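Everything below concerns the one structure shown next.
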Amino acid sequence: MTKIDIIAGARPNFMKIGPIIHAILKYNETAAEKIDYRLIHTGQHYDKKMSEDFFEQLNIPKPHLNLGVGSGTQATQTANIMMRYEEAVKESKPELCIVVGDVTSTMACSIVAKKEGVKVAHVEGGIRSGDEGMPEEINRMVTDSITDYFFTTSAVANKNLEFLGHKPEKVFFVGNTMIDSLLGNLERLQQPAIWRENNLKEKEYLVMTLHRPSNVDAMEDLRKLLEIINTNVDNKKVVFPMHPRTKKMYDQLGMNFENLLITGPMSYLEFIYLVKNALGMITDSGGITEETTVLGVPCMTLRNSTERPETVTIGTNEIVGTNPVNIMPYLNMLISGKWKQGGIPELWDGKTADRIVKIVAGL
Ligand code: UD1
């Protein structure tokens with residue numbers, strides 16, 4: 001029996017762990033030596049719409065343990081996760097801890113595991129934006145520096161790890177589990193109420209998500225950005241499901257924009273329905289640029305860098321930057337139908353979790 005912990009903490013983790021758990025359950029049906037997994041939710045995201053709904057829609061079994069850490073400063077959140085996960089590790093003594101992505105929970109749990117003598121596997125290891133002003137970049141750097149097994153999404157990640165001196169036998173190029181979730185759920189997508197209420201039509205509206213401090217924490221910049229978007233979309237509607245952090249700032253702004261359709265965080269199946277049928281996407285997320293690449297939907301990233309360069313070189317993504325005026329030529333390009341055609345990166349084929357589980361079983 002191989003004993004492993006799987007860590008999930010924040011919204012973008014859930015679509016990455018779901019396929020791994022399903023692959024473990026499938027593997028255990030026939031394997032002589034089964035994988036005994038324990039799913040641990042750190043509680044970093046705790047709103048129903050940011051967490052529980054994803055478990056339900058993606059058929060992810062209930063976590064065995066919820067550390068219930070909640071929000072806080074980077075240090076408070078990290079410290080709370082570490083203290084609570086340390087107890088959980090001491091109690092169960094897993095052989096391997098699987099962390100995914102780049103959120104605070106990823107870094108905090110990898111440090112605890114490593115110090116307790118538990119091997120660490122990092123799913124989505126090796127990617128870098130080069131922007132150390134983002135907490136996610138620090139999380140990636142710290143996690144990768146103590147990772148024993150890297151499960152990578154791209155050739156660029158493999159190169160980064162090689163450059164950092166990691167031995168090739170520790171690096172497994174497997175593809176993208178987020179895309180496993182995407183491809184596995186395309187038949188199950190759900191039309192959200194906002195579609196009917198606003199009479200939305202395929203390829204005639206945009207979707208936008210913003211939650212990075214660089215875009216939403218300065219009120220004046222946020223106002224300018226929303227005004228520019230509102231007036232440069234040819235009167236098309238922009239569906240804007242808001243992260244709680246963004247909502248706080250938006251409420252203080254106290255303004256209305258006639259082309260923006262504001263809504264709360266959306267469930268996975270409804271959100272992907274909207275993205276798949278959209279004319280284009282505006283975002284500061286990293287994961288969404290992978291999904292739009294696979295769906296072939298034009299995407300504008302409101303950041304100065306990306307840790308997922310293949311979404312630009314191969315996919316439909318463009319790096320717009322954080323200066324609000326930068327977006328105008330990109331919106332023009334989209335509206336006039338001149339966006340580039342994209343392709344799909346290697347191994348983003350929906351079978352990544354099976355590859356990971358096969359490797360984990362053989363470790
Ligand atoms: C985290 C990740 C980020 C990811 C994002 C997706 C880190 C460093 N960042 O950022 O990479 O793109 O999740 O959503 O881990 N809040 C709620 N309810 C919740 C969760 C958060 O109201 O369920 C509010 C709280 O006011 C909290 C704030 O959102 O202080 C920020 O949450 P936090 O978990 O610190 O980071 P995110 O900005 O969500």
Side-chain angles (χ1 to χ4, degrees), residues 7-17 41-56 63 66-82 84-85 99-111 122-125 127-129 131-144 178 181 207-218 222 240-252 263-268 271-272 275 281-292 299 301-303 305-308 311 322:
I7 308 296
R11 185 170 59 179
N13 289 163
F14 307 139
M15 42 293 229
K16 292 172 193 168
I17 55 134
H41 192 323
T42 64
Q44 179 179 343
H45 282 176
Y46 45 85
D47 282 357
K48 186 170 181 296
K49 288 194 173 257
M50 301 285 284
S51 176
E52 206 183 311
D53 285 0
F54 285 77
F55 279 75
E56 265 169 45
N66 192 319
L67 304 179
V69 296
S71 300
T73 64
Q74 290 289 315
T76 310
Q77 212 172 39
T78 305
N80 283 333
I81 297 169
M82 287 182 71
R84 294 180 199 185
Y85 182 50
V99 294
V100 301
D102 57 15
V103 302
T104 302
S105 303
T106 310
M107 176 189 71
C109 291
S110 65
I111 297 174
H122 186 195
V123 174
E124 204 188 272
I127 63 177
R128 293 289 185 277
S129 67
D131 178 357
E132 292 181 17
M134 287 173 61
E136 292 82 358
E137 184 73 351
I138 315 286
N139 295 341
R140 290 180 200 113
M141 291 161 72
V142 173
T143 304
D144 282 351
M178 197 165 188
S181 273
V207 180
M208 171 157 77
T209 74
L210 298 173
H211 71 284
R212 303 261 169 231
S214 55
N215 286 319
V216 305
D217 279 6
L222 180 64
F240 188 9
M242 277 192 192
H243 183 283
R245 176 187 202 115
T246 315
K247 174 91 171 53
K248 258 184 233 162
M249 190 49 82
Y250 184 78
D251 287 347
Q252 284 180 40
T263 159
M266 289 188 113
S267 74
Y268 182 78
F271 182 70
I272 299 293
V275 175
M281 179 83 209
I282 303 170
T283 191
D284 58 9
S285 150
I288 291 175
T289 68
E290 301 184 332
E291 291 164 337
T292 46
C299 180
T301 293
L302 302 188
R303 289 173 47 193
S305 60
T306 178
E307 58 290 335
R308 295 159 161 93
T311 62
T322 51

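Reckoned from all heavy atoms, side chains included, excluding hydrogens, waters and symmetry mates. Atoms within each ligand, like the ligands themselves, are counted from 1 in listed order. Every value quoted in this text rests on a predicted model; they were computed, and no experiment measured them.
Distances from atom 35 (O) of ligand 1 to the heavy atoms of His45, Gln77, Glu137 put Gln77 nearest. Taking each of Thr73, Asn13, Thr106, Val103 in turn, the one with a heavy atom nearest to atom 2 (C) of ligand 1 proves to be Val103.
The closest protein non-hydrogen atom to atom 12 (O) of ligand 1 is His211 NE2, 2.8 Å. If you check which protein heavy atom lies closest to atom 26 (O) of ligand 1, you get Lys248 NZ, 2.9 Å. Of all protein heavy atoms, the one closest to atom 27 (C) of ligand 1 is Ser71 OG, 3.2 Å. Nearest to atom 11 (O) of ligand 1 among the protein's heavy atoms is Glu136 OE2, 2.5 Å. Among all protein heavy atoms, the one lying closest to atom 16 (N) of ligand 1 is Tyr46 OH, 3.7 Å. Looking from atom 22 (O) of ligand 1 to the surrounding protein, the closest heavy atom is Pro244 CB, 3.3 Å. The single protein non-hydrogen atom nearest to atom 34 (O) of ligand 1 is Gln44 NE2, 3.2 Å, given as residue, atom name and distance. In this structure, atom 37 (P) of ligand 1 lies nearest to the protein heavy atom His243 NE2, 3.7 Å.
Lys247 is linked by a salt bridge (Lys or Arg N to Asp or Glu O under 4.0 Å) to Asp251, counting only residues two or more places apart in sequence or in another chain.
A donor-acceptor pair is defined here as one N or O able to donate and one able to accept, closer than 3.5 Å; such a pair exists between the side chain of Thr106 and the backbone of Val100. Of the possible polar contacts, one joining the Thr292 side chain to the Ile288 backbone as a donor-acceptor pair under 3.5 Å is found. Judged by distance alone, the side chain of Glu52 and the main-chain N or O of Asp47 form no donor-acceptor pair under 3.5 Å. The closest donor-acceptor contact from the side chain of Glu137 to the backbone of Ser129 lies under 3.5 Å. In terms of modelled atom types and a separation under 3.5 Å, the side chain of Asn13 and the main chain of Val103 share no donor-acceptor contact.
Of the polar atoms of Asn139, none of the N or O atoms is found under 3.5 Å from an N or O of ligand 1, judged by distance alone. For the pair Asp47 and ligand 1, the shortest N or O to N or O distance falls below 3.5 Å.
Only the side chain of Pro12 comes within 4.0 Å of ligand 1, judged by heavy-atom distances.
Comment: Asp102 engages Arg140 in a salt bridge, judged by a side-chain N to carboxylate O separation of less than 4.0 angstrom. In summary, Arg212 and Asp217 do not engage in a salt bridge, as defined by a charged side-chain N under 4.0 Å from a carboxylate O. The pair Arg128-Glu132 does not meet the salt-bridge criterion, since no charged nitrogen lies less than 4.0 angstrom from a carboxylate oxygen.
Distances below 4.0 Å separate heavy atoms of Arg11 from the following atoms of ligand 1: 14 (O). Under a 4.0 Å criterion applied to the non-hydrogen atoms of Arg245, ligand 1 contributes the atoms 38 (O).
Between Phe14 and His45, the ring center distance fails the sub-6.0 Å criterion.
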